[in-house]
Each structure stands twice: as structure tokens, then as C-alpha cells.
Amino acid sequence: MAYIAGVGTTRFGQHPGSTTPGLMADAARLAMDDAGIERRDIDGVLCGYATTMPHIMLATVFAEHFGLRPAYAHAMQAGGATGVAMAMLASILVDSGRCKAVLIVGAENRATGQTRDQSIQTLAQAGHPDYEVPYGATIPAYYGLLAARYMHQFGLTQADLASLAVVMRRHAARHPQAHLREPFTFEQAMTSKPIALPLRLLDCCPISDGGVAMVITRDPTNAARVRVRGAGQAHLHQHISMARDWADMGAKRAADAAFAEAHMRLKDIQHLAVYDSFTITLAMLLEEIGLVGRGQSGEAARAGRFEIGGDLPLNLHGGLLSFGHCGVGGGMAHLVEAQRQLSGRAGDRQAGSPSTAYVHGDGGVMSSHVAMILERV
């Protein structure tokens, strides 16, 4: 059995002068303090990649920087799904007895540690080197193409996407560490600057500096007592030009595997934390997993189903769309919010007293899917 014993997040936004190891250390201190454990207790370290510091051995770089000598350590790369994938591997490590306490970290000075053009060029390399990258596509362009096709096939509208964006910003306004907290209206979302139509500026997440860490242990170390009940993955393609079915990107397969391991069903879930790099990402994941019907995610948002008082409280920290996106740490922030909701420590964002949560990470362009089910015991 694996427990998410401690979590920590720095403020997301712009931190001029920050470094990737520095942000990793800040987040790690917060998570270890939250778990109530010392450096000597950590025997496993997993960290995500960093585009601003692409060292080939980032985990041991961080361990050296932070003063750790773990018995098990390496970095992982699964795009935006890396954070949930690290949590899944950490739970396996403690379940197997290989480790007692694994520190996982995702942090990067992505907003201030590189120029805008460097960021665009680096992220665009997620595309196929022969069939996509040479044509100058960017990450927003990949998702824009995806959105156009999905909207045509399932009847989703730009108004539906705008409705999701408004809800995420409203949630972020309650979180003091969120990158973007200023609310906007539905009309502002509908008329914001075109980026890669049908996606507009407010359909896209910001690029942030920030760090997130958590400690996963074999035994509970405090009163939080949030455990990993099940997890699953699915990987059907890497490049969007190789995807075969817009209705089956792998999200439901990953969710089904997690639910099977947890011996639970969708109706048992009381809190949602779903990857949302763009509004279309969030809509497609919600609809493929089956949390709402095809083409109905915007309608669900307008009906208040994703709000604190709704029947499907979703990304109450604001998600990537508004809490921010610092790379691996952006996806990890969903896990942190789920742990805080389950342990009743979300402050003004607390949505009742949930005992179960579903978390979904998506890497690449709907390429890698990692699902996790958490439970308060």
C-alpha cells in the first residue's frame, strides 16, 4: 500500500533568477515538511525532465544539490503525464518493498529561464521529426488541428471550450499560488486573441515557473492518510499524425485499468483532477473517459457540475489553464490538489469531504495517458 504522505507547491508564475534545481529544492522542502520526514528518511528519488536544464541525469543532479543519497534514483519522461507516471512508479516501489519513502519532484523555470522562441521551438519537437516538425507546427497548432476535427466529429463548439476556460479561471482565483487569478467572462474568452483556431488565447495554458513535489511512503506518516488505490496507463501513438481514432486516444483504456485495479467504478469518484493543457484537452479527456457524454463537457460546465458544489468538482486549483504550466510540475499540481481535497486541507477551495479522487495525466498530443485513483482511509 502506498500513501501520498506529503505534498508541496511553490507559487506558479514568473520567478526571475530562479533555477530548475532551486525550484525543485523549494518544492521538496515543502513536501517533506508536510510529510513530517527528514532527508535521511528518503531512499528513493524520481524527477521529471526539464527543458531549461536538459541534463541527462537530472535525478542525481537534484539529489546532489539537495543533499540526498538515495538507494534508487532516476529521471522520467512521459510529457505532461510524467508527474502521474512518477507517482505510479513510486507507489510500485514502496508496495514492492524496494523503497520506504520516495520523493518525486517536477520543477522548472520555464517562463523566465528561456526565451519565448526557445520555448516554442523546444516544445514543438514533440511532433514527428519527418512528417510534422518540418512543416513548422507548434504545440498549439497540433491541438488546434485536433480541436477542429473533434468539434466536427462530436458537435463540440467554441462556446463549449470557452465555458471550460471560465470555470478553470474562477477556481484559480481561490488559490493564492496560481499563476493567473484574474477572472474573465465568457464573452472575453470567445473574443480573445486567436492562437491556432479554433483555439484562442484563453483556451491555452500559460508557461510558468514553478515547482511541485510529493513524498510517497509505504506507511502513513501523518493524519492525511491518502493512499493510491489503483493506477493504469495506455499509449496508442506518439505523434498525432499516427493516431487512428479520435474517439480512442487511450484515455479510457488508462482509466479502465486504474478502475479495475482499484475495484471501483466512475460513480464512486467524488473529486476530479484532469489534465487540461488546452480546453480541448480537457473536453476530450472528460468525454472519452465517460465522465460526461460526447460533446457535452461545455454544457456540463455551464450547468455548474464542475464547481465546488457540483456533482463533478474538477480541477479546483485552476488546472493548467489558470494555475499554470511549468512542465512536469504542472501535471503534478493536479495530484497535489486531489491529495489536499481528500485530506480536507484545501481551504476556500474545499469541496465537501471527498474520500475518492480520479487523476489523469496526458503527455504529448494526447499520446501518453496515466490514470490514478486516490482514496482517503
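Along the sequence shown, the residues carry numbers beginning at 1.
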Check L320, D276, L321 against N315 for a side chain to side chain contact (heavy atoms under 4.5 Å, CB included) and give me the one that passes. D276
Closest non-hydrogen atom pair, V292 against A300: CG1-CB, 3.9 Å
Once side chain to side chain donor-acceptor pair (under 3.5 Å) is applied, do any residues pair with T157, and if so which ones, sequence neighbours excluded? D160
More than 12 non-hydrogen atoms from neighbouring residues, nucleotides or ligands closer than 6.0 Å to CD on Q121, yes or no? no
Give the intermediate values and the outcome of side chain to side chain contact (heavy atoms under 4.5 Å, CB included) for residues L46 and H74. CA-CA 5 Å; L46 299 173; H74 59 80; 3.7 Å; yes
Shortest non-hydrogen separation from I104 to A90 and the atoms involved: CG2-CB, 4.0 Å
Can you confirm whether V133 sits close enough to Q125 that some side-chain heavy atom of one is under 4.5 Å from a side-chain heavy atom of the other? yes
Hey, mind stepping through L123 and T138 against side chain to side chain contact (heavy atoms under 4.5 Å, CB included) and telling me if it holds? CA-CA 7 Å; L123 296 174; T138 62; over 6 Å; no
F154 meets the ring pair (Phe, Tyr, Trp, His ring centres under 6.0 Å) criterion, sequence neighbours left out, with Y150
Suppose we screen for side-chain contact (heavy atoms from CB on, under 4.5 Å). Which residues come up paired with A251, at least two apart in sequence or across chains? L285, E288, I289, H360, H369
So the salt bridge (charged side-chain N to carboxylate O under 4.0 Å, His left out) pairs with at least one residue in residues 220-239 (sequence neighbours excluded) are R227-E375, R229-E375
Ring pair (Phe, Tyr, Trp, His ring centres under 6.0 Å) filter on H237, not counting sequence neighbours, yields none
Which residues share a side chain to side chain donor-acceptor pair (under 3.5 Å) with T60, sequence neighbours left out: none
Compare every heavy atom of R345 with every heavy atom of Q339, then report the nearest pair and how far apart it is. OE1-NH2, 2.8 Å
Can you sort out the partners of D33 under salt bridge (Lys or Arg N to Asp or Glu O under 4.0 Å), two or more places apart, ordered by chain and number? none
Show the numbers, then the answer: is there a side chain to side chain contact (heavy atoms under 4.5 Å, CB included) between V336 and M214? CA-CA 8 Å; V336 168; M214 57 186 64; 3.7 Å; yes
Using 4.0 Å as the upper bound for N to carboxylate O, is an ion pair formed by D248 and R253? yes
Ring pair (Phe, Tyr, Trp, His ring centres under 6.0 Å) contacts touching residues 271-313 (sequence neighbours left out): Y143-F278
Which residues share a ring pair (Phe, Tyr, Trp, His ring centres under 6.0 Å) with F12, sequence neighbours left out: F323
Applying salt bridge (Lys or Arg N to Asp or Glu O under 4.0 Å) to R349 and not counting sequence neighbours gives E337
What closest approach, in Å, do L199 and A147 show between heavy atoms, and which atom pair accounts for it? CD2-CB, 4.2 Å
Could you pull out the closest heavy-atom pair between S297 and L286, with the gap in Å? CB-CD1, 4.3 Å
With ring pair (Phe, Tyr, Trp, His ring centres under 6.0 Å) as the rule and sequence neighbours excluded, what pairs involving residues 179-216 come up? none
Can you find a heavy atom in the side chain of D26 that is under 4.5 Å from one in the side chain of H15? no
Any donor-acceptor N or O pair under 3.5 Å, side chains S241, E132: yes
Heavy-atom pair of closest approach, residues Y3 and M1: OH-SD, 3.1 Å
Residues forming a salt bridge (Lys or Arg N to Asp or Glu O under 4.0 Å) with R169, sequence neighbours excluded: none
